[in-house]
Amino acid sequence: VEATRVFDKDAWLSVESCIMQGLTLDQDAAPLRESVTNGRPRQKPTRAAGIVCLGVAAAIFAWNLIIANTLIDPTGYSQHPVLGKVKSAGVYLWGEEGFGRASINSLGLHGPEPAPPAAGEHRILALGDSFTEGMAVGDDGTFSAVLQQTLGRQGIRAIAINAGRGGGSPAEYLALADYWRTTMQPERVVVQITDSDLTSDMTDSSKQFYAAPDGTGWRLIRRDAPDDLSMVPSRFRPYAYAAMRVPIVRWAWQMRRTASPDDAAAASPKPATGVPGAQKGPLRQRGGSSAAASAAPRGAPPTRLASLVDWTVAELKKAYPGLVILHIPNVKYGSPEQSRPSESERLVERACARQGVPLVAVRQDYVAEYERSRRPSHGFFNTRPGTGHINTLGHRLIADRLAELFEEGWRE
Amino acid sequence: VTFNSLPFAVLFGLTLGALAILRGVRAKQICILVASLLFYAWWDWRFLALLVGLAVVNHWAGAAVSRTVETRARKLLVGAAVAFDLGLLGLFKYYGFFVESLSHLGLTAPSLNLVLPIGISFMTFEVISYVVDVYRGDAPADTLLDVLLLVCFFPHLVSGPILKPREFLPQLRKDNRITAAGLDAGLQQFLAGLVKKTLIADRLALFVDPVFKQPSLYSSATLWLAALAYTLQIYYDFSGYTDMAIGAARCMGYEIPPNFAHPYLSKSITEFWRRWHISLSTWLREYIYFPLGGNRKGAARQYVNLSIVMLLGGLWHGASWHFVVWGGLHGAALAFHKFWADRVRPKRWTESGIYSAVAWATTFLFVVLTWVVFRASSVTAALGILARLAAPSLADGIAWYPPSLAVIVPIAIATHVASRFRPEGWRVRPGSFSGAFVIAFALLALVLVRPLVTSPFIYFQF
């Protein structure tokens, strides 16, 4: 063996090739498996495994570093006694749809700490979901921040508190009305509504707060705070929460969500061919498409939708004096129907007129701006422009409309 | 089943396990055939009859040709087989196109609305090359199992590469073994292909698809960016698929020749077609260009032959006029380059760096612009985009500059250029620190930063 090791490297390589090819070696050659590979002394298995583990650990560490600094907020979440799961206070970068620097206050809200009420100061509370929160928009770009600046320039002392929280719905704003009124003491309350609030989120029984049919009307239901980790057995949950503090784990957990059918359709340029992922069917293609059926709104059926909208606006009016409804539309920029209000939008307009609640609906502002500058008010560079959350332009157009409304009243 | 899906991973793992256990050539062949049929049936089992039918008919034709001595009868037999193959392709792929084109002329024909069987163009070319090779005496008539495997071999079944029967059939007769070296090389190449497809091509698709879906909405600068992005997307999508196919085959002990050789570094369109989709361009050369006379009948005839070959190549990609126009443009460019090369003999200035740079830039620009025709939904849409590209304006639509491109494009260019200096590809030693790091980093990237929407392989539609 020693002679071969020293003098005949080719022989060693041929032994190696025997090993690599899984051929049976004779008794004398068998020990070579443990000592030699590629003409070099083979490492001990434990040492080799250690080196591999080290390489894998370095890769995990590298990705953790990348994700923590680019893709996900490094601060995570904490529990609030009333609001439930809130973002932890801190400053971080949005990065998913577009890039923006966000300061999160102690209530987990995007913006500075709410100042206590002061004499001669108007207080505006903006309630909403991630649109109001200003997903992917910087601190100065949210409509609350722009509104406050605009009113300030007009000589009106006003504080606009951004209370937008990702995943919120009118059911949540109703359930937390006492908390917001007493802690923030707002003079005017802007409640932001989108179509999906009414067609799905409001009646989504998996949420902590939702509305359920009650005879001919509706009632508000509050259940124990749902949690992403509810499915984990309770005795393992502390470990799961600890793991969730690691950015790479939290990011992988977030990746479970599925993409919207709209995105999937956009990604399949030629669905009519036999491309995997296209609709399966008989050898002959069927006429028509199931797209219309799948695009139908989930949640309340149309007849119930009208009563849900009426009930929601009436309850919000009762809960929040000085209420203003803000409707943020879905706009198909550049299409013939870009100016056409949706069914929910029309119902909100009707309910607000009935209840005498001021409505700010910005569809026409968004369309006019798009026609003028070809800049859509939805979307960022990381996603398709015109889809997703509203961008800085969309926030500014909302702030302009709200400023007009409030200036009118407060100047008088 | 697609290579980037979990069912494929399971099917492939089971196949490898079975191949490691089985002994004997025949048993392994049957194992691979069953896996291949399952692979195809996962998409639509009803088209298995088409797949098997193509192989059976061409096996029979090949056997008959090899038994027949008389030249005329041999020609008749091979002609009948090729007509059968092209007839099936025409029925499934081109009948709708034919009916639609007739309707523009005011004529009508019954509409069948048939679904296009996945990979039918590749299968058809594969069986044609088999029966023609038998006729020419380049490949012996083989058993039905061999021919079935030549057509159905799952790594190349739906999107090629188109295998040369004379090179692949001998491999089928060998008792290929699964080896550690083969697994190492194969899995690394498969992983490289998966990274190309998932992290580069699919990420680019998130930008390219919406822009090409509604090009009139976007600014000229965005359209230029989308054209460049599609140029990279189609390369990384298809070469990623090919890498996965070659890697999967190598794991099982089979060698599939490379299909790409850094095409975007080409300095002429002729060079481009020697580097892009090599198996298709080789097939077109051997089975259409040479029979048409190639360059043996004078320069003018050669230019015509080149144009015919590329027109047919364009039509092979899809039953639509914009594919025909794309092929025609490439044919015209090939003919022009041949004309140019015949007249401009190598001189000092043609050897200079400036000449090379201009040649590369011209070739690349031509390829990018013709990809616009290829990707657009119609000739009209393509002309609309090209007009906007020719007359750029900063305020003529939505400006969209995805930040992800700022990461992907330099990586894509760097890897493309770097591969040229190492044509055999980059390999790592999995047992080393750096090897474990690279493999783990790539696997984690596939889990953590893959796009949420995966696009089908572009060449699946052909």
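A, B, ... follow the sequence lines: proteins, then strands. Residue 1 opens every chain.
Under the 3.5 Å distance criterion, with hydrogens and angles disregarded, a donor-acceptor pair is assigned to the side chains of B/S219 and B/T222. Side chains of A/H378 and A/Y333: a donor on one and an acceptor on the other come within 3.5 Å.
For B/A20, no part sits under 4.5 Å from any heavy atom of chain A, backbone or side chain. For A/F380, the part sitting under 4.5 Å from any heavy atom of chain B is the backbone (N, CA, C, O) and nothing else. Neither the backbone nor the side chain of B/F212 comes within contact range of chain A; no heavy atom of the residue lies under 4.5 Å from a heavy atom of that chain. Looking at B/P451, there are no atoms closer than 4.5 Å to chain A (heavy atoms on both sides), in backbone or side chain.
Between chain A and the options B/P403, B/S432, B/G435, B/A442, the largest number of non-hydrogen pairs under 4.5 Å is found for B/P403. For the set A/G50, A/P376, A/A49, A/G334, the count of heavy-atom pairs under 4.5 angstrom toward chain B peaks at A/P376.
Listed by chain and residue number, B/V368, B/V372 satisfy the side chain to side chain contact (heavy atoms under 4.5 Å, CB included) test with B/A227 (two or more places apart in sequence, or in another chain). For the salt bridge (Lys or Arg N to Asp or Glu O under 4.0 Å) test, residues two or more places apart in sequence or in another chain that qualify with A/R396 are A/D400.
Panel note: side chain A/R363, backbone A/N330; a donor-acceptor pair is recorded below 3.5 Å.
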